[in-house]
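Notes to accompany the following structure.
Small disclaimer: the values here were computed from a predicted structure and weren't measured.
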Amino acid sequence: MTSTVKIDSRTLSSFKTSKQFKDNVDGKPITSMDFDDSGEWLITSADDSSMHLYSCKTGTHTKKILSQKYGCDLAMFTHHSQNVVHSSTKGNDHTVRYMSLHDNSYIRYFRGHDARVTSLQLCPSDDHIISAALDNSVRLWDLRSSTAHGVLNIPTPAIATFDNSGMIFAVASHATSSILLYDLRSFDKEPFSTFRLTDDKWLSTRSFPPRMPEWTTLSFSNDGSQILVGTSGDAHYTIDAFSGQMRTRLTGHQPTNFTRSTGDVCFTPDGRYVIGGSGDKNLCVWDTHAPTRDKLITPEHILGAAGAGVPHVVGFNPRTAMLATASTELTFWLPDV
């Protein structure tokens, strides 16, 4: 019989490292991590041009996939656990590649970006993917076609993500302090909402003039009510996905000082808690429902990483009570309940 674990403050406080994997060459950093829809599989990509597949059920490393010719980053599953998409990192090749893990063959190539791809996301409801790059463009693709279905040319580099319904996507530009919301059915139209995220009053206590740290992560909570903006500094933010108002400023951690990853901060599946890495090698747990003073929230729990490196990639399994973090090694976390 399968037991049910409630993701609450008590459970999160009990998380401990359960297994560590050191599968990358010469301690090269892991740059991305993704769970499949079932929560049974996890894939990583790293600076040594490798991807690694892990079983979350058995806690084992099951496969190494090399991409020495093209490099790899931002590896993520499609809705089929044997297929992945990843960006390329070597030379002037910025192609997004669609691969079968069954025989390590490429199914399709998505060409069009002229600079490094900085974010790559799968639509939760169908086979669309969205990519953003340093060429100041956001592109919408369908896994069944190598031609982009739409292109947004924007003033600055950005990161992009879908909401959980798959009907809306957000594009965040750090340079303009803006988050733009689009309807997927009207990709070529103007955004239906534009939010500004500034925090000059608080940031002026950290530096003068106040400087918003670089935005590194953008994600919606599963219920679609919040947007999480992770930064490279000592504050992350949640904003109201309908009004654009800042809800919380998450502080109390040290920057991980690694900006080329899929993110060192994430929501729990219920959207109430945020888990983030800290430069002191710990994990911070914030309760976004906690009372705030001037919207500031400090960690409710700080979890020791028991010998692991700085967790600059953080992810929560979408189906089970399991965390994963990565630096040069991958670490699985389970609750002690």
Checking Asp8 against Arg10 for the salt bridge (charged side-chain N to carboxylate O under 4.0 Å, His left out) test, could you report, in this order, the C-alpha distance in whole Å, the side-chain angles of both residues, the deciding distance, and whether it holds? CA-CA 6 Å; Asp8 56 16; Arg10 177 176 173 273; 5.8 Å; no
If we only count heavy atoms from C-beta on, is the [X] to [Y] side-chain gap below 4.5 Å?
X: Ile43; Y: Phe35; result: no
X: Phe110; Y: Ser87; result: no
X: Leu101; Y: Asn83; result: no
X: Ile275; Y: Leu12; result: yes
X: Ser45; Y: Ser32; result: yes
X: Val5; Y: Thr11; result: yes
X: Val117; Y: Leu134; result: no
X: Leu250; Y: Val274; result: yes

Evaluate the ring planes of His236 and His253, with Trp represented by its six-membered ring, and classify them as parallel (under 30°), tilted (30 to 60°) or perpendicular (over 60°). parallel
Tell me if the aromatic rings of [X] and [Y] count as close, with their centers under 6.0 Å from one another.
X: Phe187; Y: Phe169; result: yes
X: His61; Y: Phe21; result: no
X: Trp333; Y: Phe15; result: no

With rounding to the nearest 0.5 Å, note down the distance linking [atom1] in [X] to [atom2] in [Y].
X: Thr31; Y: His86; atom1: OG1; atom2: NE2; answer: 11.5 Å
X: Met246; Y: Ile227; atom1: CE; atom2: CD1; answer: 13.0 Å
X: Arg108; Y: Asp142; atom1: CZ; atom2: CG; answer: 8.5 Å
X: Leu330; Y: Leu42; atom1: CG; atom2: CG; answer: 6.0 Å
X: Ile65; Y: Asn104; atom1: CD1; atom2: CG; answer: 6.0 Å
X: Ile239; Y: Phe195; atom1: CD1; atom2: CZ; answer: 6.0 Å

Decide side-chain contact (heavy atoms from CB on, under 4.5 Å) for Ser105 and Met99; before the verdict, give the C-alpha distance in whole Å, the side-chain angles of both, and the deciding distance to 0.1 Å. CA-CA 6 Å; Ser105 64; Met99 170 184 268; over 6 Å; no
Minimal non-hydrogen separation, [X] against [Y], with atom names:
X: Cys72; Y: Met51; answer: SG-CG, 3.7 Å
X: Leu334; Y: Ala321; answer: CD2-O, 3.7 Å
X: Gly309; Y: Ser327; answer: CA-OG, 3.5 Å

side-chain contact (heavy atoms from CB on, under 4.5 Å) against [X], all qualifying residues, sequence neighbours excluded:
X: His174; answer: Met212, Trp215
X: Phe192; answer: Ile168, Leu181, Asp183
X: Ser55; answer: Trp41, Lys57, Thr58, Thr60, Thr62
X: Asp336; answer: Ser14, Lys16

Hey, is Asp199 close enough to Lys295 for a salt bridge, meaning N to O under 4.0 Å? no
Basic-acidic side-chain contact under 4.0 Å: Asp23, Lys64: no
May I ask you to decide if [Y]'s main-chain N or O and [X]'s side chain share a donor-acceptor pair within less than 3.5 Å?
X: Arg139; Y: Ile130; answer: no
X: His312; Y: Thr328; answer: no
X: Asp34; Y: Met76; answer: no

For atom [atom1] of [X], is the number of surrounding heavy atoms from other residues, nucleotides or ligands below 6.0 Å larger than 12?
X: Lys281; atom1: NZ; result: no
X: Gln68; atom1: CD; result: yes
X: Asp103; atom1: CG; result: yes

Have a look at Leu228 and tell me which of Leu218, Val265, Thr161, Thr288 forms a side chain to side chain contact (heavy atoms under 4.5 Å, CB included) with it. Val265
Let's go through Val285 and Ser13 carefully: what are the C-alpha distance in whole Å and the side-chain angles of both, what is the deciding distance for side-chain contact (heavy atoms from CB on, under 4.5 Å) to 0.1 Å, and is it a yes or a no? CA-CA 8 Å; Val285 180; Ser13 71; over 6 Å; no
Cluster membership besides Phe258, Ile/Leu/Val/Met/Phe/Trp/Tyr side chains within less than 4.5 angstrom, sorted by chain and number, is none
For Phe242, the other hydrophobic cluster members (4.5 Å side-chain criterion, sorted by chain and number) are none
Could you go step by step and tell me if Asp280 and Gln254 meet the side-chain contact (heavy atoms from CB on, under 4.5 Å) rule? CA-CA 6 Å; Asp280 57 7; Gln254 297 177 17; 3.8 Å; yes
Step by step, would you call Asp93 with Lys69 a salt bridge (charged side-chain N to carboxylate O under 4.0 Å, His left out)? CA-CA 10 Å; Asp93 187 349; Lys69 183 177 180 180; over 6 Å; no
Side chain to side chain donor-acceptor pair (under 3.5 Å) partners for [X], two or more places apart:
X: Thr256; answer: Asp264
X: Asp223; answer: Ser221, Ser225
X: Thr320; answer: Asn317

Salt bridge (Lys or Arg N to Asp or Glu O under 4.0 Å) against Asp234, all qualifying residues, sequence neighbours excluded: Arg206
When you look at Ser88 and His94, which way does the side-chain hydrogen bond (donor to acceptor under 3.5 Å, both in side chains) test go after all the steps? CA-CA 5 Å; Ser88 308; His94 306 293; over 6 Å; no
Looking only at side chains, do Trp286 and Thr248 share a donor and an acceptor under 3.5 Å apart? no
Testing the 3.5 Å rule here: is there a donor-acceptor pair between the side chains of Gln82 and Ser100? no
Under 3.5 Å, which donor-acceptor pairs do the side chains of residues 145-159 form with other protein atoms, sequence neighbours left out?
| from | atom 1 | to | atom 2 | distance (Å) |
| --- | --- | --- | --- | --- |
| Ser145 | OG | Thr147 | N | 3.2 |
| Thr156 | OG1 | Ser173 | OG | 2.5 |

Are Phe77 and Met322 connected in a single hydrophobic cluster, I mean Ile/Leu/Val/Met/Phe/Trp/Tyr linked by side-chain heavy atoms less than 4.5 Å apart? no
Sequence neighbours left out, what pairs pass side-chain hydrogen bond (donor to acceptor under 3.5 Å, both in side chains) with at least one residue falling in residues 121-130? Asp126-His128
Cation-pi, Tyr70 ring and Arg97 (6.0 angstrom, 45 degrees): yes
